[in-house]
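Heads up: the structure comes next, in structure tokens.
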Amino acid sequence: MHNINFIRENPQEFDNAMIQRGEIAISKKILEIDEEKRKTQTFLQNLLSEKNTLSKTIGKLKSENKNADNYLKKVEEIKNEINTLKELETIKEDELQSILKRLPNIPHSSTPVGKSENDNLFYKEWGTKPVFKFKPKRHFEIGEDNNLMDFETASKLSGSRFVVLKGQLSRLERAISNFMLDKHTLENGYKEMNVPFLVKDDILYGTGNLPKFSEDLFAAGDNHWLIPTAEVPLTNLSNNQILNIKQLPLRYTSYTHCFRSEAGAAGKDTRGMLRQHQFTKVELVSIVEPNYSDNELERMLSCAEAILKELNIHYRIMTLCTGDMGFAAQKTYDIEVWLPGENNYREISSCSNCGDFQARRMNTRYKKENKNIFVHTLNGSGLAVGRTMIAILENYQTEDGNVIIPEVLRKYFNNQDKLI
RNA sequence: GGAGAGAUGGGUGAGUGGCUUAAACCACAGGUUUGCUAAACCUGCGAAGGAAGUAAUUCCUUCCGAGGGUUCGAAUCCCUCUCUCUCCGCCA
């Protein structure tokens, strides 16, 4: 949600930011409605004040057993006007909100300007592409050849974009997520949380998924949605709260299933388990003081990177441009892991600083010097578990079709050094 | 699923139609005293918004789980919904 005061004071800057994000200049319309709303409000409040005074006089007169008919008549007269103005105020307020809540966050000054993913900026990379003496297989070939990854059975159960992982791959999933959680809780200072996968409308509104992106979500019954990421419940843990400054920063991690309809991705990545309706992810969320959020984004990124470093898998990091960034973000880094089978870099983590955008929607503040200030929220994958498995399979595959288990995972994998 | 009780500021909690302008305590912030810490004492302290003013500030409106209603006037009365707790039943 946007700060209306900022738009009043910097309409041009606001319009420029929206244009960079593929929206249109709309500050003029916003300020017109805002102006009408405030005029109505002022007029209404004066009448309410008058009514309150009259009511008090009536109370006094009645307690003294005096006649109050004149005052009662006056109240009756302004009542209709009050109701009309109330309705008008509500209309204007709704009009304003319906525009504001659908506008994306203002990009950070360091976010590159661009239209699509082609304009994303290379930030840095780690490691090198592994060299194979044979043609590396793609992850689903390794999985299917060993009868550990079953898309047909999954399709029988649930349709397309699902997978059944069998035996050792199912165990590998568990090993990866345990490794990540241990790393983030024991070394990186995140508190592990086990959260609901079903949430209500207002929770998704808080993180910015609603009202604009309902088509990306799965609805469950009349009152719940399946979470598309643990960011949603984790960030909302503090909604509608005024936090004590001593509580900050709050750092949470959670391993959850995530559910996405992939509505706009028809025909994209249909082979394999890269893009599923259901996948697991270890998420990182930070709630911090505003002046610290830039640092926290770098910190969070390094926590996510640490996982790939320990797994010894090559990756690069891109800074997303204004046109490719998510709705609530002001700055986002994508970690893209190298997949030799696919001969491509693929997103395995996305770390975003949302500034106070979500905090305004969720109404999360903290008290500093007796003032209530909106917090800054950040979220990042640390990492997507399914895609990490893909990266391991493709990077650690051997010529005989087996896969070496990365050293750091072996203690979570029955101390085996090979998948099979 | 059945029966009952409840939801008030950051927290505990008083308040059953107009002296509530939401008490009191705790927490928090500032100060005094003290060699430091602690303690004691003093002061301040709910939230959102509007208007006037260069500003300090002043005035006003709304908010007591949410939404409706009754009334000149509602935290308080009525209706609907949500959630929490207790007991019973069922259940991983």
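These numbers were taken from a predicted model, which means no experiment stands behind them.
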>> Here's one to test your reading of the geometry: is the NZ or CZ of A/Arg387 within 45 degrees of the ring axis of A/Phe279 and under 6.0 Å from its centre?
In response: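 Judged by the rule, A/Arg387 and A/Phe279 form no cation-pi pair.
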Contact between [X] and [Y] at the side-chain level, heavy atoms closer than 4.5 Å - yes or no?
X	Y	result
A/Phe213	A/Asp216	yes
A/Leu243	A/Leu250	yes
A/Leu172	A/Ile405	yes
A/Thr364	A/Asn240	no

Opposite nucleotide pairing with [N], Watson-Crick or G-U, both atom distances under 3.5 Å:
N	result
B/U32	B/A40
B/C45	none
B/G1	B/C88
B/U82	B/A7
B/G53	none
B/U71	none
B/G17	none

>> Would the distance check show the side chain of A/Thr111 and the main-chain N or O of A/Gln330 forming a donor-acceptor pair, the cut-off being under 3.5 Å?
In response: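 Side chain of A/Thr111 to backbone of A/Gln330: a pair is present.
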Could you tell me the separation between the [atom1] atom of [X] and the [atom2] atom of [N], rounded to a whole number of Å?
X	N	atom1	atom2	result
A/Gln247	B/A27	CD	C1'	12 Å
A/Asn244	B/G11	CG	P	12 Å
A/Ile203	B/C83	CD1	C1'	13 Å
A/Asp201	B/A66	CG	P	18 Å
A/His224	B/U82	NE2	C1'	11 Å

Report yes if the distance between the aromatic ring centroids of [X] and [Y] is under 6.0 Å, otherwise no.
X	Y	value
A/Tyr333	A/Tyr123	yes
A/Tyr315	A/Tyr345	no
A/His277	A/Phe218	yes

Could you tell me how far [M] sits from [N] if I compare only their [atom1] atoms? Round to whole Å.
N	M	atom1	result
B/U16	B/A55	C1'	46 Å
B/G68	B/A14	P	29 Å
B/G6	B/G15	P	12 Å
B/U21	B/C36	C1'	44 Å
B/A75	B/C19	P	10 Å
B/C26	B/G44	C1'	16 Å
B/G18	B/G13	C1'	24 Å
B/A22	B/A92	C1'	46 Å

>> Once you measure the plane-to-plane angle for A/Phe357 and A/His2, does it fall in the parallel (<30°), tilted (30-60°) or perpendicular (>60°) bin?
In response: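 A/Phe357 vs A/His2 ring planes: perpendicular.
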>> Angle between ring planes, A/Tyr255 versus A/His257, binned at 30° and 60°: parallel, tilted or perpendicular?
In response: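 Taking A/His257 first and then A/Tyr255, their aromatic rings stand perpendicular (interplane angle over 60°).
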>> Set out, in order, the CA-CA distance, both residues' side-chain angles and the distance that settles salt bridge (Lys or Arg N to Asp or Glu O under 4.0 Å) for A/Arg138 and A/Glu141, then state yes or no.
In response: CA-CA 5 Å; A/Arg138 300 187 68 178; A/Glu141 294 173 313; 5.9 Å; no
> Do any of residues 87-101 of chain A sit with a heavy atom less than 4.0 Å from RNA chain B, and if so which?
Replying inline: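 Residues of residues 87-101 of chain A under 4.0 Å from RNA chain B: none.
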> Where along nucleotides 45-65 of chain B does protein come under 4.0 Å, by heavy atom, of base (B) or sugar-phosphate alone (S), with - for untouched nucleotides?
Replying inline: --SSBSS--------BBS---
Table of protein N/O atoms under 3.5 Å from nucleotides 16-22 of chain B N/O atoms:
from, atom 1, to, atom 2, distance (Å)
B/G18, N2, A/Ser55, O, 2.7

>> If you assign each of A/Lys79 and A/Gln241 to its closest nucleotide in RNA chain B, which residue comes earlier from the 5' end?
In response: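 Counting from the 5' end, the first nearest nucleotide belongs to A/Gln241.
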>> If you apply the rule side chain to side chain contact (heavy atoms under 4.5 Å, CB included), what do you find for A/Val282 with A/Leu383, and how did you get there?
In response: CA-CA 5 Å; A/Val282 172; A/Leu383 312 160; over 6 Å; no
